[in-house]
Amino acid sequence: MKKKFYITTSIAYTNAPPHIGFALELVQADILARYHRILGEDVFFLTGTDEHGQKVVKAAEDAKKSPQEFVDVLSSRFKKLVEVLNLSNDGFIRTTDKKRHWPTVQKIWSKLEEGGDIYIKKYKGFYCFGCEAFIREKDLANGECPVHQTRPELIEEKNYFFRLSRYAKQVKEEIEANKIKVVPGARKNEILSFIEQGIEDISFSRPRKKVQWGIPVLSYIPKVGGIKSTTYVWVDALVNYISGLGGLSFISGVKNKYWPPDVQCIGKDILKFHALIWPAILIAAGLERPKNILVHGFITSGGQKMSKSLGNVIDPFELVKKYGTDAVRYFLLREIPPTEDGDFTYEKFKQRYNADLANGIGNLLARTLTMAEKYWLGIVPKIPQNTPETLSLGKFVTSGWVGNFQESIKEELIKSISSTENFSFNNSLFSVITSVFICDGYIEHHKLYKPAEKLGNKKEKIDAVLYNVLEGIRHIAWILLPFLPETANKIFEQLGLDPEKEKEKTFDETTKWGGLKPGTKFKKSKPLFPKI
RNA sequence: CGCGGGGUAGAGCAGCAGUAGCUCGUCUGGCUCAUAACCAGGAGGUCGUGUGGUGCAAAUCCCACCCCCGCAACCA
């Protein structure tokens, strides 16, 4: 049976249009999804939108729309983003989906109730309407909300509570033992120390009277003082990972082949929800926990937080429109460290694009195919006999490279793959660029651009060099498949290969030297990445 | 003393005890197949501070201090 691989992104909150940060998360998840498909696994890749809660209601009011109209528009914008980034997701879940999502949430709720993990408690706290949240007494400044400088109201509510305290210890143990692996380690420590500080039960509902835009609680526990409730937005949101798999049958014991998630991609701001509350819910509901939680950082814009008032918000649509999907994917993966904050500026984007894509990958393909056209009539030469001499990397040997062309390329491929498995996408792409360097250096060392006669070389020798460079490019294209799908396709096409067939190759098949058949006609086309 | 991360060439980072390294940028040379590209070489750093501690040896371990940045506060 095929190995399964279930990967999720967090679901985007629909109170504002998408920005570049969410694009980062989508792209990271997409690399993993595509990579695991290449490995031949049965992949399910889920993303979606989180559409309930007071902030949405407020945003809708400001836009003079009903909440439903409002989220419909925003959700479709997120869906559009998923398309323009060329994501390979299998599902897109919306929390306003009353058919798939609502019953799943209610089902989970009842599982928790059955286990005795839901109870009713009177809650008293200071509520700041500016924050739309309760503020702990110790955070008040002179009795005022530190952010809004207003006096919060003392509110008393009866709500349903979840016995989070009951599960904190187990969650902690699972994270410590890497049964739930939180990546990077710094985030793991962060959540562990947070749990160590003591965990209290948390409110899992708000009175219906106050919060209508959400999923109603269907409880068999008597309504608290006759007050109907709405499910806490985070419970609602987290359950998307279950409802997005299509059905809820497996909650009742029927196995779903994709459960549990293999990787859940999230931002550092929502670590607590995913590494504490979510696993606790799953334990309580008798479901397996996610295997990996991959926590990315934030993207700053010119070193500052993106904000409307600063006017430095980066619109992912605009970027894609200007530079193309693959260029945007490339920047996000190469320039932004996968689990740390990164910075976006147009200057950096341009530098990265020109150096790696235009002068690197694009130029290598262009120069090679031009030589092939000029001296080989655009046809792959007969598979030549390689000698240590034709495989030599010359000066590279002294720079510490393995002195053999084929081995060096293969070594970078292996490095790239192992980086991907460790979620080090930037290093994966660094290995790709290193491969480009190797090809360029190899061309130089063997003076591939000098016609054979002029050099007094034997024809076969220079044939071997060209052939090797072409094979190097083919390897590069293959490793680029998950990262830059369009580009990889274009490279295959220009090499005269069928992209569909190449995609199906395994690592072992691809790295077998000789994938390009002699006599194949190249289809040189326009530059992959015009310089900007 | 809240918890955590970090301060290494102009920028971004790696190294975490044993001749300071990578990418980008910059300068010089080479080459001409290429998207003014590519290749080679150079310049550029007393590795936050302390004439601090431990070691034969410290970016690397310990101590003190300074500075940034996260989390704590539902923006990915």
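Only heavy atoms go into these numbers, but all of them, side chains included; no hydrogens, no water, no symmetry mates. In the text below, chain A, chain B and the rest are named by the order of the sequence lines, each starting its count at 1.
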For the [atom1] atoms, the ones on [N] and on [M], what distance do you get once it is rounded to whole angstrom?
N	M	atom1	value
B:C27	B:A20	P	28 Å
B:G70	B:A11	C1'	22 Å
B:U49	B:C67	P	15 Å
B:C24	B:A14	C1'	15 Å
B:G53	B:A58	P	12 Å
B:U8	B:A59	P	15 Å
B:C75	B:C66	P	32 Å
B:U28	B:G44	C1'	15 Å

Out of [options], which nucleotide sits closest to the side chain of [X]?
X	options	value
A:K272	B:A72, B:C39, B:A76	B:A72
A:K531	B:C71, B:A76, B:U35	B:U35
A:K374	B:C38, B:C33, B:A76	B:C33
A:F298	B:U35, B:A76, B:A11	B:A76
A:K55	B:C74, B:A11, B:C38	B:C74

In this structure, how many angstroms lie between the [atom2] atom of [N] and the [atom1] atom of [X], rounded?
X	N	atom1	atom2	value
A:I199	B:A72	CD1	C1'	12 Å
A:L448	B:C39	CG	P	14 Å
A:Q494	B:U35	CD	C1'	12 Å
A:L74	B:C75	CG	C1'	14 Å
A:K348	B:G12	NZ	C1'	6 Å
A:Y232	B:C74	OH	P	8 Å
A:I443	B:C33	CD1	C1'	8 Å
A:H446	B:C39	NE2	P	15 Å

Any side-chain donor near an acceptor of the partner, [X] and [Y], under 3.5 Å:
X	Y	result
A:H446	A:N468	no
A:T47	A:N89	no
A:T230	A:R208	yes
A:E493	A:S525	no

Side-chain donor-acceptor pairs under 3.5 Å in residues 263-277 of chain A, sequence neighbours left out?
unit_1	atom_1	unit_2	atom_2	d
A:Q264	OE1	A:W278	NE1	2.8
A:Q264	NE2	A:T8	OG1	3.0
A:K268	NZ	A:D341	OD1	3.0
A:K268	NZ	A:D341	OD2	3.1
A:H274	ND1	A:I270	O	3.1
A:H274	NE2	A:Y241	OH	2.6

Measure the acute angle between the ring planes of [X] and [Y], then classify it against the limits of 30° and 60° as parallel, tilted or perpendicular.
X	Y	result
A:W109	A:Y160	perpendicular
A:F344	A:F331	perpendicular
A:F425	A:F483	perpendicular

Between A:T370 and A:N189, who's closer to the 5' end of RNA chain B by nearest nucleotide?
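That would be A:N189.
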
Pick the closest RNA chain B nucleotide for A:L364 and for A:F273 by heavy atoms, then say which residue is nearer the 5' end.
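Between the two, 5'-proximity favours A:L364.
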
Under 4.0 Å between a side-chain N/O of A:H19 and OP1 or OP2 of B:A76, yes or no?
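So the side chain of A:H19 is within the cut-off, an N or O lying under 4.0 Å from OP1 or OP2 of B:A76.
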
Hey, could you give me the CG/CG distance between A:N86 and A:L26, rounded to the nearest 0.5 Å?
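CG of A:L26 is found 12.0 Å from CG of A:N86.
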
Based on the glycosidic angle (syn within 90° of 0, else anti), state the conformation of B:A9.
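Anti conformation for B:A9.
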
Base of B:G6 relative to its sugar, syn (within 90° of 0) or anti?
anti

With A:D356, which of A:K350, A:R334, A:K348 fulfils salt bridge (Lys or Arg N to Asp or Glu O under 4.0 Å)?
A:R334

Heavy atoms only, 4.0 Å cut-off, all strands: where does [X] land among base, sugar-phosphate and nothing?
X	result
A:G21	base
A:G53	nothing
A:L369	nothing
A:Y375	sugar-phosphate

Would A:K322 pass as a cation-pi partner of A:F317, given that its NZ or CZ must be under 6.0 Å from the six-membered ring centre and within 45 degrees of the axis?
no

With sequence neighbours left out, the residues meeting side chain to side chain contact (heavy atoms under 4.5 Å, CB included) with A:E200 are none

With sequence neighbours left out, write down each residue that passes side chain to side chain contact (heavy atoms under 4.5 Å, CB included) with A:A237, or none if nothing qualifies.
A:I11, A:D50, A:W234

Restricting to non-hydrogen atoms, name the atom on A:I462 and the atom on A:K447 that form the minimum distance, rounded to 0.1 Å.
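Where A:I462 meets A:K447 most closely, the heavy atoms are CD1-O, 4.1 Å.
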
Taking RNA chain B as the partner, which of residues 23-33 of chain A come within under 4.0 angstrom of it by heavy atom?
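RNA chain B contact set from residues 23-33 of chain A: A:E25.
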
Pairs counted only when both distances fall under 3.5 Å, Watson-Crick or G-U: show me the 5' to 3' dot-bracket for RNA chain B, [ ] for pseudoknotted crossings and | for other-strand partners.
.(((((((.[[[[.)..(..]]]].(((((.......))))).....[[[.[[..)....]]]]])))))).....

Protein and nucleotides 21-31 of chain B: nitrogen or oxygen contacts under 3.5 angstrom:
unit_1	atom_1	unit_2	atom_2	d
B:C24	O2'	A:Q351	OE1	2.8
B:C31	O2'	A:Y449	OH	3.1

